[in-house]
Q: 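Encoded as structure tokens, here's the structure I'll be asking about.
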Number of protein chains: 2
Amino acid sequence: MVSPEPLSDSSNSALVRLRALLDESSFDGEQRLPAERVLAAQIGIGRRALRRALEVLEAEGRIWRHQGKGTFLGPRPARAPTSLDELSKRTHPLEVMDVRLEIEPALARLAAMRATNGDIERLLHLAEKTASSSDADGRELWDSALHRTIAEAAGNSLLLAIFDLVDRIRQDTTWRLLRERARSGNRQQLYVEQHRRVIAAIAQREAHAAEQAMREHLELVRDSLLKVMTSPLPARIDGEIPAKMMSANTKNERHHGT
Amino acid sequence: MVSPEPLSDSSNSALVRLRALLDESSFDGEQRLPAERVLAAQIGIGRRALRRALEVLEAEGRIWRHQGKGTFLGPRPARAPTSLDELSKRTHPLEVMDVRLEIEPALARLAAMRATNGDIERLLHLAEKTASSSDADGRELWDSALHRTIAEAAGNSLLLAIFDLVDRIRQDTTWRLLRERARSGNRQQLYVEQHRRVIAAIAQREAHAAEQAMREHLELVRDSLLKVMTSPLPARIDGEIPAKMMSANTKNERHHGT
DNA sequence: CGCCGAACCAGTTGCATATTGGTTCGGTCT
DNA sequence: AGACCGAACCAATATGCAACTGGTTCGGCG
């Protein structure tokens, strides 16, 4: 068929010659093919023409490229499912807060039921430290330790591992400035009070109260985060917020109908 | 009173002086304190004596050290990510069921709120497949796909990743024989009915009903697993069951959103 | 107008180097 | 003999730099 041909002759010949190279398996055993500059010189075409040909091949899925790494044969390797970087890149802060709202109240409840006296002692100690810490960095450090100690006290190693996973994503670089701005809001005193309430409930073995207190605390944290993110400041973390993911369990009454 | 003193005078004085430094917050804002060689020179003691003092402080949890990094104030930060193998090795089946009981009802609730019509269509399709499947292997396959589709429909990629993590542990080799024995109990028909109920609730957007139905389903699964594990058969999965971890949320009614 | 070479930008890798805590050794003083 | 010290070494980490990579822009040229 004679379709309109946007590519020039030389580009086209480059594509043909590249396809021939790939088909002949001229790079036997070699997953990686030469750098663009080298390859262009070998074939005897310009780098620009070569790149257009490579674009086609990449769109076809026959090769894949990555800046700084090179060009490789075969389909793009699947992402490691639990690779922290990948996961944190494609995870939105509000998603993380939703997950924390699902997990940490449960952790607090379990901690209230199963914490040892030693756990409770450590929690009380941490609460003091958090309150007495003056600078923001120190507060965040002790706060993190506090939440994790509760997770430990829950006595479920898998749930603890999940907590760590979420926490690692939360502490990723992208969030740094976000948290700095979030904690500028002077809610620190309220946070301290909420922490105290959670710990008290755990110490008194009141599972439901611990769960509820933790949920209220995290809801406040999320609202604070939300406020920061929707603030008129032009510097947004990420342009797109998937519509599905929008936080939706502030008051999750039953949805009837529609 | 003159208690036996294992430490020498100089070490002791080093410890006293170090404690003074930390209490006075001489390292305000600085999480990291000077290198051992420097610090020893500053205090005017030998490095060996300094190190003994640091050991005490580390045991007390006031500092933490790591080779090549340095010595830091505060509690030791969360440790490195746990690989799947490691995690799976020291995770007990009942722990996994407890985690599923925490996460999957929440997933069902979110799915009821945010599932697309396409999601629901797929769920209905899967329900048919699961019911019509005759052999046990096929049933398990469809069952797994069903649970994961619900997790997808929840629309939180991080929560989905966590679900996958748990699911991968659940499908680890150690569990194979356990599941074989568990499904020998003729509860399959009941499982199918429970699945149907969960899907119906999601399709009708009844978040609370979906959550509750999923919880009931998983509780039955866990009870079935528990029965198999405590059966008189000598082949136990793992010798030790930490007392803390014993399942303890059979009847904890939940209060979401107050 | 299309193409080319060249330069520049940005992400990645590797290596040499410096610094850290961890350890061992011999000398020295009490 | 035991406690201490300085020095050196070991191993893990951090850091900076050079050398690539693909991605992009620019001026020149036919």
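Letters A, B, ... are given to chains in the order of the sequence lines, protein chains preceding strands, and every chain is numbered from 1.
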Q: Whole angstroms only, please: what is the CG-P distance between B:L33 and C:dG21?
A: 8 Å
Q: Please determine if a side-chain N or O atom of B:T71 lies less than 4.0 Å away from the OP1 or OP2 oxygen of C:dT20.
A: no
Q: Between C:dG21, D:dC5, D:dT24, which one does the side chain of A:R47 approach most closely?
A: D:dT24
Q: Give a yes/no answer on whether the side chain of A:R51 brings an N or O atom under 4.0 Å of OP1 or OP2 in D:dG23.
A: yes
Q: Please determine whether any donor N or O and acceptor N or O are separated by less than 3.5 Å between the side chain of A:R48 and the base of D:dT25.
A: no
Q: How long is the line joining CG of B:L54 and C1' of C:dG21, in whole Å?
A: 10 Å
Q: At under 4.0 Å, does any side-chain N or O of B:R65 touch on OP1 or OP2 of C:dG22?
A: yes
Q: Indicate whether any N or O donor in one side chain lies under 3.5 Å from an N or O acceptor in the other, for B:T71 and B:E36.
A: no
Q: For A:R32 and D:dG22, give me the distance from atom CZ to atom P, rounded to whole Å.
A: 7 Å
Q: Consider only side-chain N and O atoms of B:H147 and B:D167, and report whether a donor and an acceptor are under 3.5 Å apart.
A: no
Q: On DNA chain D, check which nucleotide each of A:H66 and B:K69 is closest to and give me the residue with the more 5' one.
A: B:K69
Q: Roughly, in whole Å, what's the span from CH2 in B:W64 to P in C:dG22?
A: 11 Å
Q: On the side chain of B:R37, is there an atom forming a donor-acceptor pair with the base of C:dG22 - under 3.5 Å, no angle test?
A: yes
Q: Rounded to the nearest angstrom, tell me the gap between atom CD in A:E55 and atom P in D:dG22.
A: 13 Å
Q: Does some side-chain heavy atom of B:D119 sit less than 4.5 Å from a side-chain heavy atom of B:T149?
A: no
Q: Answer whether the closest heavy-atom distance between the side chains of A:K69 and A:R32 falls below 4.5 Å.
A: no
Q: Which atom pairs, donor and acceptor, lie under 3.5 Å between side-chain atoms of residues 61-68 of chain A and protein residues at least two apart or in another chain?
A:
{"residue": "A:R62", "atom": "NH2", "partner": "A:D23", "partner atom": "OD1", "Å": "2.8"}
{"residue": "A:R65", "atom": "NE", "partner": "A:E58", "partner atom": "OE1", "Å": "3.3"}
{"residue": "A:R65", "atom": "NH2", "partner": "A:E58", "partner atom": "OE1", "Å": "3.1"}

Q: Rounded to the Å, how far apart are A:I45 CD1 and C:dG2 C1'?
A: 15 Å
Q: Please give, in whole Å, the distance from C:dT24 C1' to B:Q67 CD?
A: 14 Å
Q: Let me know the distance between CG of B:L39 and C1' of C:dG21, rounded to the nearest Å.
A: 13 Å
